[in-house]
Amino acid sequence: MNNEELFKKIISHSKEYGFIFPSSEIYDGLSAVYDYGQLGSELKNNIRSYWWKSMVQMHDNIVGIDTAIFMHPTTWKASGHVDAFNDPMIDNKDSKKRYRADVLIEDYMAKIEDKIDKEVEKAAKRFGETFDAKMYRETNPRVMEYQQKIDYARTQMVKTLEENDLAGVKSLIEELAIVCPVSGSRNWTEVRQFNLMFSTQMGSVAEGADVVYLRPETAQGIFVNFLNVLKSGRMKIPFGIAQTGKAFRNEIVARQFIFRMREFEQMEMQFFVKPGEEMEWFKYWKDQRQKWHRSLGIPDSKYRFHDHDKLAHYANAATDIEFEFPFGFKELEGIHSRTDFDLMAHQKLSGKKLQYFDPETNENYVPYVIETSIGLDRMFLAILTQAFEEQILEDGSVRTVLHIPPILAPIKVAVLPLVKKDGFPEKAKEILDTLKMDFNCQYDEKDAIGRRYRRQDAIGTPYCITIDNQTLEDNTVTIRERDSMKQERVDIDSISSIITSNLRNNIYRA
RNA sequence: GCGGUAGUAGCUCAGUUGGUAGAGCAUUAGCUUCCCAAGCUAAGGGUCGUGGGUUCGAAUCCCAUUUACCGCUCCA
């Protein structure tokens, strides 16, 4: 089975068993938006909760918060999102290349600038020491003509961009006869604004309502609460703030099932450290996050660590943890050393001091930040991908089984009376009632026992409890393990503690 | 966003030169069954992605649209 077939099977399986549905499917769905079903939401909750406990509960210097999706618009100026994601773009129809329209015009101006420089250089050689470059620029007719072109282009560009006149930008590009550097053609599309942030209005009255954005990342909710948490939580550096939540991006191409969605959930932790110590902590978190992934029993071969050579404007070190999805190695988690970029920017725009007083050195400073940021939906897909198997048994039959790590499994225990009579169902429900306090359980009495085991395999239930004749005699049941299909006879009273200790096997410890 | 392919029941699919839809599995109810699916009986479920058009008649032909997958492009 190749990867493409595998991926299709995983998508079908997800829908068939209630893990993931296309959003608003009865209306044909909405592009790149998905809903989590009855089992999917359990799995997703479990992944989130496992991450949260690993961060907040297992580290005594990390606390969790939950900030709003709406934030003050200035937040996104400080973070750089407003500038970075409001660019007018234009495509060349022949080369299929996309450019920032303003960059094309600036390149055009730079080219003419080069010509002027060459003219001036030539003249300088010609006139020798008496040459006055400034004078030459102001008087030479050819240079003046070039300069006029530049000035015109700049004036028009600034004017059209300021007025948000996209058609004007396009006609300027046409007027200046700018060609595509790749195809050399002037066959351009319309200029379009690609705003990667979703916006909406705050206030129910349309006029006078303020435009606010749906956050494109959760990190800023942590930065703007840095002071609040620092003061109210009596935090001492180094310390971390964790958060999970939805973020929204208007992706140009959103594809590959739940890998790239327009609405997605992040699990982020920002760790505040003393400037100068960031590389040490960067390394620490790289190790810790690897450990976390390993604790879920996914083999190392499925992971790849990719250090960034080209760093984003805010970072001085960055690593991606990539996972081998059916469509190749793709980013699952990022660990970034963000320096003091964000806190500094917020400090500047808000006018509030976002600083830490270090009692050891009696100094105030803006802390540096190490960020770990993982996509919850991507982790979900990674778990599902890794778990899915169509196993060929000794008798040649096929069983579809999800080897979900037990701690994350949507249903932990299925309780099954061997047959639907002789008081078996009653006994089974009695056991079910004691187990469902501690575990998410399922009861099933329909069809042959083997088929019921297979149904539980297909949704990744790690344990099946079966009630048989002997149960009624001596209060023992069989407990069947999903991966090995092995059964063991145990006392009813010990079921809960056996399962609990199995679930705790191999879990993450800092 | 561009190009290619596709959309028929919950899933996988069949449906002839246009004559108003079928199978297997799944689901539900019952029977049988003392441990690893595909025994028996019965039932429910689809205006064939959506909207137009051509036609006496469209799942089938044409157009538009939408969704998914693949390639290109983009990705803080």
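Both backbone and side-chain heavy atoms feed into the values below; hydrogens, waters and symmetry mates do not. Each chain gets a letter, A, B and so on, in the order the sequences are listed, and its residues count up from 1.
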Q: Applying ring-ring contact (aromatic ring centres under 6.0 Å, His included), name anything that partners A/F272, two or more places apart in sequence or on another chain.
A: A/F226, A/F239
(Q) Counting only heavy atoms not in A/L393 (residues, nucleotides, ligands), do more than 12 fall under 6.0 Å from its CG? (A) yes
Expressed in angstrom and rounded to an integer, what is the separation of [X] atom [atom1] from [N] atom [atom2]?
| X | N | atom1 | atom2 | answer |
| --- | --- | --- | --- | --- |
| A/F264 | B/rA76 | CZ | C1' | 10 Å |
| A/Q256 | B/rC72 | CD | P | 11 Å |
| A/L416 | B/rA37 | CG | P | 14 Å |
| A/R452 | B/rU33 | CZ | P | 14 Å |
| A/D444 | B/rA37 | CG | C1' | 13 Å |
| A/E25 | B/rG7 | CD | C1' | 12 Å |
| A/E445 | B/rC31 | CD | C1' | 14 Å |
| A/E394 | B/rC36 | CD | P | 12 Å |

Contact class for [X] vs. all strands (heavy atom < 4.0 Å): base, sugar-phosphate, or nothing?
| X | answer |
| --- | --- |
| A/K421 | sugar-phosphate |
| A/R249 | base |
| A/I449 | sugar-phosphate |
| A/Q487 | base |
| A/P216 | base |
| A/F259 | nothing |
| A/Y27 | nothing |

Q | Charged tip of A/R378 within 45° of A/F259 ring normal and under 6.0 Å | A | yes
Q.
So does A/T218 get a backbone contact from the side chain of A/Q266, meaning a donor-acceptor N/O pair under 3.5 Å?
A. yes
Q. Where each residue is assigned the nucleotide of RNA chain B containing its nearest heavy atom, which of A/G29 and A/D422 is assigned the position nearer the 5′ end?
A. A/D422
Q) Of A/I467 and A/L30, whose nearest nucleotide on RNA chain B comes first from the 5' end? A) A/I467
Q) Between A/H403 and A/Q386, does a side-chain hydrogen bond (donor to acceptor under 3.5 Å, both in side chains) hold up when you go through it step by step? A) CA-CA 8 Å; A/H403 302 282; A/Q386 178 58 27; over 6 Å; no
Partner of [N] by Watson-Crick or G-U wobble geometry, both contacts under 3.5 Å, or none?
| N | value |
| --- | --- |
| B/rG51 | B/rC63 |
| B/rG3 | B/rC70 |
| B/rA42 | B/rU28 |

Summary of salt bridge (charged side-chain N to carboxylate O under 4.0 Å, His left out) pairs that have at least one residue in [range], sequence neighbours excluded:
| range | answer |
| --- | --- |
| residues 479-488 of chain A | A/D457-A/R480 |
| residues 335-346 of chain A | A/E217-A/R338, A/R338-A/D342, A/R338-A/E371 |
| residues 27-46 of chain A | A/K44-A/E265 |

Q | Listed partners of A/E333 passing salt bridge (Lys or Arg N to Asp or Glu O under 4.0 Å), at least two apart | A | A/R289
Write down the distance separating the [atom1] atoms in [N] and [M], rounded off to the nearest Å.
| N | M | atom1 | answer |
| --- | --- | --- | --- |
| B/rC13 | B/rG7 | C1' | 13 Å |
| B/rU47 | B/rU60 | C1' | 16 Å |
| B/rG3 | B/rC11 | C1' | 31 Å |
| B/rG46 | B/rU50 | P | 13 Å |
| B/rG44 | B/rG10 | P | 16 Å |
| B/rC36 | B/rA21 | P | 44 Å |
| B/rC25 | B/rU65 | P | 41 Å |
| B/rU5 | B/rA42 | C1' | 42 Å |

Listing, residues 412-426 of chain A side-chain donor-acceptor contacts under 3.5 Å, not counting sequence neighbours, or none:
{"from": "A/K412", "atom 1": "NZ", "to": "A/P406", "atom 2": "O", "distance (Å)": "3.1"}
{"from": "A/K412", "atom 1": "NZ", "to": "A/I407", "atom 2": "O", "distance (Å)": "3.0"}
{"from": "A/K412", "atom 1": "NZ", "to": "A/A409", "atom 2": "O", "distance (Å)": "2.7"}

Would you say [X] reaches [N]'s phosphate, i.e. side-chain N/O to OP1/OP2 under 4.0 Å?
| X | N | value |
| --- | --- | --- |
| A/S397 | B/rC36 | no |
| A/K8 | B/rC69 | no |
| A/S31 | B/rA68 | yes |

Q. To the side chain of A/R454, which of B/rA37, B/rC11, B/rC35 is closest?
A. B/rA37
Q. Between B/rA76, B/rG10, B/rC35, which one does the side chain of A/Y453 approach most closely?
A. B/rC35
Q | Presence of donor-acceptor pair under 3.5 Å, side chain of A/R480 and base of B/rC35 | A | no
Could you list, one pair per line, each protein nitrogen or oxygen that sits under 3.5 Å from a nitrogen or oxygen of nucleotides 27-30 of chain B, together with the distance?
{"from": "B/rU27", "atom 1": "OP1", "to": "A/R455", "atom 2": "NH1", "distance (Å)": "2.9"}

What's touching nucleotides 49-51 of chain B from the protein side, N or O pairs under 3.5 Å?
{"from": "B/rG49", "atom 1": "O2'", "to": "A/D28", "atom 2": "OD1", "distance (Å)": "3.1"}
{"from": "B/rG49", "atom 1": "N2", "to": "A/D28", "atom 2": "OD2", "distance (Å)": "3.2"}
{"from": "B/rG49", "atom 1": "N3", "to": "A/D28", "atom 2": "OD2", "distance (Å)": "3.2"}

Q) Which atom names give the shortest non-hydrogen contact between A/I321 and A/I335, and what distance separates them? A) CD1-CD1, 3.9 Å
Q) By side-chain hydrogen bond (donor to acceptor under 3.5 Å, both in side chains), which residues pair with A/H72, not counting sequence neighbours? A) A/T74
